[in-house]
Every structure is written in C-alpha cells, then in structure tokens.
There are 4 protein chains.
Amino acid sequence: MAARVNEETAMKAGGADKRALILDAALDLFRHYGYRRTSMEDIARAANVAKGTLYIYFKSKDELFEALARQLAERVEANLKSVAERGLGTEAKILALLDAKLGFMYRWILSSPHAAELLDSKVELSEDIFGPVDKSFRSSVARALKDGVREGELDPKSAGLSLESATDTLIAAAYGAESGAVDEADFRDRLARIVRLSLRGLRKSA
Amino acid sequence: MAARVNEETAMKAGGADKRALILDAALDLFRHYGYRRTSMEDIARAANVAKGTLYIYFKSKDELFEALARQLAERVEANLKSVAERGLGTEAKILALLDAKLGFMYRWILSSPHAAELLDSKVELSEDIFGPVDKSFRSSVARALKDGVREGELDPKSAGLSLESATDTLIAAAYGAESGAVDEADFRDRLARIVRLSLRGLRKSA
Amino acid sequence: MAARVNEETAMKAGGADKRALILDAALDLFRHYGYRRTSMEDIARAANVAKGTLYIYFKSKDELFEALARQLAERVEANLKSVAERGLGTEAKILALLDAKLGFMYRWILSSPHAAELLDSKVELSEDIFGPVDKSFRSSVARALKDGVREGELDPKSAGLSLESATDTLIAAAYGAESGAVDEADFRDRLARIVRLSLRGLRKSA
Amino acid sequence: MAARVNEETAMKAGGADKRALILDAALDLFRHYGYRRTSMEDIARAANVAKGTLYIYFKSKDELFEALARQLAERVEANLKSVAERGLGTEAKILALLDAKLGFMYRWILSSPHAAELLDSKVELSEDIFGPVDKSFRSSVARALKDGVREGELDPKSAGLSLESATDTLIAAAYGAESGAVDEADFRDRLARIVRLSLRGLRKSA
DNA sequence: CATGAATGAGACTTCATTCAT
DNA sequence: TATGAATGAAGTCTCATTCAT
C-alpha cells in the first residue's frame, strides 16, 4: 500500500520532471566520481531510467553537463540579486556576495573530490555560461567597495591600488578560500578571515 | 661495429635517462591536452620510444603521473629551502616563499588549460606526495610571519587572528592568485597584490 | 462538442486513410535517405502522426516496407494491363511494356540515390511480391515478340535464339537501361536505344 | 601436430598480412549479410582477431569498405589491361572486356544477395574509386567497336547511333546481364546473348 | 631492454518497439 | 484509435595494457 503510494508518487514525479531527476543524479555522480569516470549508464541507473531515456532529455553527455552548469549559473545569479537587494554594511555585503558565488559553487561543486575536473571539463563552455555571471558578480563587488570608499571606510589608494585593482585582488584572494577547505563551515571561516584581512588592508591609514 | 658504437651512444644519451625523456614528454602533453586526453601512445610517440617501453619504466599510466608529481614536489621542496637560506625582509621572504610553491606550480601545471584535471587526476595521490611539501611550506611561512611579529612589524592579534590562523589565511588568499591569471606575469602581479594587501591587514594598528 | 466535430473532421480527412498518408511519407523518405537511414520517428513526423500510430497500421518497419512494395507491384500490374489493351505495333508495344515496368520502377525507386538499398532491403520479400508481376510481365513481352514473329518482322532463330531465350535476353538488356541513367529522360533514351538495337538484332536476316 | 603446423602457418600469415585476412572476412560477410548488418564484431570474429585489431588496419568501418572497393577496382583494371593485350576478334574482345568488368564484379559482389546495398553503401565513394576504372573500361569498349567499324564488320550509323551512343547502349544493355542471373554460368550466358544480339543490331544492313 | 601488434573491456549513442494514458 | 515517453539491445570506436619477438 505504502509502496503503491510511493510508486505513484514516483510516477507523478518521474513523468513531470524526469529531467530534473536525471540532472540530480548526474550532479551527484559527477561530484563523487568526476565527469569522465561517470558513464551514461551510471547516470541512468542512478536516475532509475534506461540509458536511452537520457538521450530524450539531453542530446549528449556534454549537453547534460552543460545543462547542469547552466542550472548552477542561474542559481548563482539569483543569489547575487538577492544579496544586492538586502541592505547590508560594506564588509557584510562583500562577504555575502562572495559567499553567494563562491559559497554556492563550493556547496555544489567544489566540495567534490573531483571539482577540478568538473570545472575543467569544458572550459570554453564554462566561459559561455559563467562569463555573464562572473561579470555581474564582479561589478556587484566593485559597487560595494565603491560604497565603502564613499562612506570613508575604505581607501584603496593608500594601499596603492585602484578601485578596479582592489576589486580583482579581493576577489582573487577570496577564491583562495576554497583551496584547502575541508567542509563548508571551514570554507566560510576561511572566506570570512580572508575578507576581514583584505578589507583591513584596504582601510584608510591613520 | 659502427652500429654497435651508435647503439651505445644512443644508450648513453637516451637509454640511461629514457625515463626522464618520457617524463618530459608526458608533462608536456598532459599540460596541453590533459591527463585523460593524452594516450600512452601519444606519450610514446613524443618520447620517441615504443608504447611497450613506457611499461618498462612505469607500471601504469597512473604511476607515470605519480612520478611526475613526485618530481614536481622535489623541486618545490628545493626551492623552499633555497628561499629560506637567503636573508630577506618579511614581505619579500613571504612573497618569495609563496612564489616558490605557487609560482612554481603555476609555471608547471596551472598555466596549462588542463591544470584542473591534472590536479584532480589523483587527489589521494597528491596528498601523499604533496602533503610533506605543504607541511614544510606552511611552517616556513609561519616562521616568516613570526619573525615579522618579533620585529614589531606585524600584529595578527589586532586583526583578531592567531599566528596559526594568520598563516593559513595568508596562504589561502595567496592560492587565489591562480584563479584567473592569464599568464605568469599576471599571476605574479596578483600574488604580489594579495600579499601586500594581506600583510597590510596584519600590521599593527596605530 | 466543437472539439468533437473537429476530431471527426480530422478522422475523415486523416483517420480514414492515415495508412496511405504514412505510406506516402515513408516512400518519400526511403527514396531520399534509404531504408535504414530513415527512422520510424522520421516517418511519423513526416506523416504527422505519433510514432506509436505507425504500429497500429503496420506491425513493424519491415511490414511497412512490404506494404509499400505491394502497392508498387499493384500499380505496375495495372500499367501492364493497360498497355496490353492498347493496339500497338511490335516495337512500340515492347517499348511500352518495358517502360510500364522498368520506367515505373525507375520513377518510384530507381531514381532515388538509395535505390539499391531499397531493393536490397528485403530480397526474399520482393520475390513474393514482385514474382507474380514479373511473371505476367515476362509473358506479355513474350507474346509481343511472338506476334512480331508471326507477322514476319522478327526471327529469333536467325540470331540463334529461341523465343523464350530472346524474351529473356531482351528483358535483361532492357534492365541495363537503369544502370547509369541520370534522370527519367535519360532512362527513356537508353531504354529506347537498347530496344531498337535488340530488335534490330532479332530481325530476319536478309 | 598437424594442428600445431596449422597454427604456425596461421601465425605467419596473420603477422604478415592480417590486413588481407580482415578484408577477406569482411568481403565474405558483406556479401552474405550486407554492409549494415555486418558488425565490426562479426568481422573481427570471422577474421579471428579482436575488435580493436580492425582499427589498427582501418580507421573506421567505412574505410574498411573503401579498401575493399579499391582492391576490387584494381583487379578490374588489371583484367581490362590483360584483355586489351590479347589479340581477339571484335565480338570476342567486346565480350571479354564486358566480362572483365561485369563478370568480375559479378563474382565478387553481384552474386551476393546484398549486392545492391553494397554498391549503394557509399555511392560517392564508389564514384571516386570506380570512376577511373569505368572511364578506361568505356574507352576500351569504344576502341573495340571502332575497330569493328574500320574492318567493315559493324556500322552503328545504320542503326541510327553514333559510335559514342553505340558504346553506351552496348554497355548499358550488358549491365542488364546481372539483373536476374542465378549463378555465374547463367550470367555469362546472358551476357553472351546480349552481346550477340546487340552486335547483330550494329551490323551493316544489307 | 625495446618493440609494436594485438587485445578486449567499456564508453557513447541510435532506434525499433512497447505500453500506460 | 492515438500518443509519445520509455526501453534496452546493439553498434562503432578508444585506449591502457600485455606479450612474443
């Protein structure tokens, strides 16, 4: 009976958005085993569908991956917008922006033992998909820094950096938070410390 | 007879360190095409040996890669030692240490379009090989920071960080220099700016 | 209700002879792309029906092809009958008979770049379906030759052939008209020349 | 013992010209089952090699087929040359030329139940490979007819045909010999009769 | 040691056919 | 009847690894 209900639930879910089911299964496997070591057969099995079914929803393995990347990019974009809308102080806003992008990616991809390969798999592809997100991300951070300067809190010049340069340096440093993080909490700690240190470096000198 | 001499010459030139020849060819190909897209056939051709010969020097493709990693680790280790021996000021020494590790890796691996995959290929493996190097690298940086504190130049406490924590944060931030670097010069610029900014953040507050 | 009416209209228009629609679409695709390169999906799309619908009218792809062949055979049979009924001279009648069979097939199949594969697809099948047609075709040609002999126009004996043998030889030679024809006009020219030459060869020697 | 010898023989043969072994096996299978119904696995099994071995000698299934076609074309070309060198009378020479091309192809390909598909498989390809052969074949036949005219034996004009046209018609008619032939002897009979009839049609009228 | 032909598991993809709706 | 999502067998091709010479 319960089984019957479950079956029906599965059926309803499977019929409607089997696509999402496949993407979930694929992300999971890609994260655990990497792109190339995950076969379409594996994905099909994990998603409880036949191999051929994958090709109804995605033209090829590459396109499946692309769809995954696109999904990720969309969520990051949404996160960034939501952060921008909240009224936050300079450091808090910058931290939130960095977390909106890096933290999200960390949770989805980077925490995987095969993150590197995933990101590497299709560099050109990633450029297309993540390029726009990166652009809007960078301009959000730049705006936040500018606000900090306007409010007299920050002064890149005294550190010998232009606003542009300061933005890039801050973002670059933040990327480092992923380097040796063991879990998400660790990642957040690292990110927070890097931001604190960097912003401290950007403060007006006495 | 003449043939015999030629053979011996060949042996001395290529036979003795054919291993090195193979490693060179492999690194080159891995950097250009990635681990999985480089076949043993490719490596053999590039090293001017037969496919079977590769298996005389390396038990498998994975072991060949491991040997490459080990070679890299040894050179980084040597670099670090040489930096420690030079008498440098705090910021200069820290920058030199970071460059000794990150810069060297950048030149060898990260500048490749397939860096990610290379590093990913064998994470566990990397742990074994790069773990010791990382440890000595970290302690070198920590010592340099400690020196800076002793000389009154730096004060992690005023940034709310312990010496340990400051070391980790600095290193993490430095890793970010690789994130979007387009070439080695760009990488060095990024690294220098990150270090400057971070050390500025670690200065004694007025 | 209105929907109901529409449905019925659709049924009258497409439902009644959806079978014919499918056959038309299939022949078109087979001619252009060949049997194996035409998928059931392609046929369904071209016929504006769902894939499953094909299997309501035809048990399998092979049976669909068989139905096509049967249709073709019926039309050839009809053509032959109509030629026999017309009162034509020997050469004209023979040419008309050959055109009724070969010309018709040329227009339908052989002019396709994938004729060979189509004819090959089911040789055994073709035997069943085209066997009777071939038989009646051959006897029509034989009768025409016989008439020519009776009228003193032809004399297979002087060419060293029996009537039977002459019939077979003539038909075989005519088949050659298809060999390198580039279009229907070319085919007809070839056929006419072959017939003229062959009948000339069957004339009474002086 | 005998087995042992056979094995060694096989080994010697296999090492030297496994390529030929594969081609033989492939031709055999293609003739019996057609191009598309013959899998690379089938060919490998028939040639007693592993699947991968096929790809050492041929880049793809298509290239394997192309090699087969090329081999065939070469042999036909050689046959034509050998016929031209023999001093034969008009009819005998023409028959020999037609047999050198059509007969040879018949033995190799056309006698197969899947001849049509084989020839169809790669029409463009065949054009490249058989085009030159066809050209030299046609010019040989044309020359033979011309000789017949010079010797006063033939007179295409009286049949309303130019030499060119007569050549094409003769060749086309000859192609028809393949149409319903059941075996090689039958094919030769048909060809002989078609040639006799056609040449009779080209004779000088009294 | 060196060679390179041979192997065969395994990857991606297609498509005729089925079946619940 | 009609639909079209789902199936899964089968096909082509790659490549790390072995082994007889």
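Convention: sequence-line order gives letters A, B, ...; per-chain numbering from 1.
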Specify the separation, in whole Å, of atom CG of C:Asp42 and atom P of F:dG4.
-> 16 Å
Could you tell me the separation between the NZ atom of A:Lys61 and the P atom of E:dA11, rounded to a whole number of Å?
-> 8 Å
So which nucleotide from F:dA2, F:dG8, E:dG4 ends up closest to the side chain of A:Ala50?
-> F:dG8
Can you check whether B:Lys51 has a side-chain N or O nearer than 4.0 Å to OP1 or OP2 of E:dG4?
-> no
Round to the nearest Å and state the distance from A:Ile56 atom CD1 to E:dT14 atom P.
-> 12 Å
Which nucleotide, F:dC13, F:dA6, F:dT7, lies nearest any side-chain atom of A:Val49?
-> F:dT7
To the nearest Å, give me how far apart CZ (B:Arg45) and P (E:dA5) are.
-> 12 Å
Of C:Met40 and A:Glu41, the one whose closest DNA chain E nucleotide lies more 5' | A:Glu41
Find the partner of E:dA20: check Watson-Crick (N1-N3 plus N6-O4 or O6-N4) and G-U wobble (N1-O2, O6-N3) distances, both under 3.5 Å, and reply none if neither fits.
-> F:dT3
Atom-pair distance (CD on C:Glu63; P on E:dA16), nearest Å = 15 Å
Does E:dC15 have a Watson-Crick or wobble mate here (both distances under 3.5 Å), and if so which one?
-> F:dG8
Could you tell me the separation between the CZ atom of A:Phe65 and the C1' atom of E:dT13, rounded to a whole number of Å?
-> 20 Å
Rounded interatomic separation in angstrom, taking CZ from B:Phe58 and P from F:dT18 = 16 Å
Would you please classify the geometry between the A:Tyr35 ring and the A:Phe30 ring as parallel, tilted or perpendicular, with 30° and 60° separating the classes?
-> tilted
Taking only Lys NZ, Arg NE, NH1 and NH2, and the carboxylate oxygens of Asp or Glu, determine whether A:Arg70 and A:Glu74 approach each other closer than 4.0 Å.
-> no
Distance test, side-chain N/O of D:Lys18 to OP1/OP2 of E:dA6, below 4.0 Å = yes
Assign each of D:Tyr55 and B:Thr38 the nucleotide of DNA chain F bearing its closest heavy atom; nearer the 5' end lies the nucleotide of D:Tyr55
D:Lys59 NZ - F:dT14 P separation (whole Å) = 10 Å
Using a heavy-atom cut-off of under 4.0 Å over every strand shown, decide if A:Thr53 touches base, sugar-phosphate, or nothing.
-> base
Do D:Leu72 and D:Phe130 come close enough that some side-chain heavy atom pair is under 4.5 Å?
-> yes
Identify which one of B:Leu68, B:Ile22, B:Ile43 satisfies the side chain to side chain contact (heavy atoms under 4.5 Å, CB included) criterion when paired with B:Phe58.
-> B:Ile22
On DNA chain F, nearest-nucleotide positions of D:Ser39 versus A:Gly52: which is more 5'?
-> A:Gly52
Counting distance only, does the side-chain N/O of D:Lys61 pair as donor-acceptor with the main-chain N or O of D:Thr38 below 3.5 Å?
-> yes
